[in-house]
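One structure is given here, and the rest of the page talks about it.
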Amino acid sequence: WTRNIQKRSFHLQLLLACIKNETGLTQALDADAVSACIGNLKHASTLVRTAAASCLGFLAFADSAKVAAIQEDAVSLL
């Protein structure tokens, strides 16, 4: 279980690194990264939730991501 948490957190950290450029951000948005991050906000692990919140915060600089996050009720999870 701990290994799964570490992997999930690591994947979210990789996503965060990738979305820091325009191409990575566009690809992440196209791949529904907002929903993936929101899903991880519900995870039992604080480590995973923190990584997901960091990614979602960065993704939300894109207007389309803001709209998606609001529609999926991410605000209540944060």
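Just the heavy atoms: all of them, side chains too, but no hydrogens, waters or symmetry mates, feed the values below. On a predicted model such as this, the values are computed, not experimentally measured, just so you know.
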Contacts of type side chain to side chain contact (heavy atoms under 4.5 Å, CB included), residue Ser35, not counting sequence neighbours:
Asp32, Glu72

Can you find a pair of side-chain heavy atoms, one from [X] and one from [Y], that are under 4.5 Å apart?
{"X": "Asp73", "Y": "Ser76", "value": "yes"}
{"X": "Leu59", "Y": "Cys37", "value": "yes"}
{"X": "His43", "Y": "Ile5", "value": "yes"}

How far does [atom1] of [X] sit from [atom2] of [Y], to the nearest 0.5 angstrom?
{"X": "Thr2", "Y": "Lys7", "atom1": "OG1", "atom2": "NZ", "answer": "12.5 Å"}
{"X": "Ile19", "Y": "Leu14", "atom1": "CD1", "atom2": "CG", "answer": "11.5 Å"}
{"X": "Leu29", "Y": "Gln27", "atom1": "CG", "atom2": "CD", "answer": "10.5 Å"}

Closest heavy-atom pair, Leu12 versus Ala51, reported as atoms and distance to 0.1 Å, is CB-CB, 3.7 Å

Does Lys66, at its NZ atom, have more than 12 non-hydrogen atoms belonging to other residues, nucleotides or ligands within less than 6.0 Å?
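Yes, NZ of Lys66 has more than 12 neighbouring heavy atoms, counting only those of other groups under 6.0 Å.
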
Without swapping roles, check the side chain of [X] against the backbone of [Y] for a donor-acceptor pair under 3.5 Å.
{"X": "Arg49", "Y": "Ala44", "value": "yes"}
{"X": "Arg8", "Y": "Val48", "value": "no"}
{"X": "Ser9", "Y": "Gln6", "value": "no"}

Which pairs pass ring-ring contact (aromatic ring centres under 6.0 Å, His included) with one or both residues in residues 59-78, sequence neighbours excluded?
Phe58-Phe61

Passing option when Cys55 is tested against Ile38, Asn40, Leu15 for side chain to side chain contact (heavy atoms under 4.5 Å, CB included)
Leu15

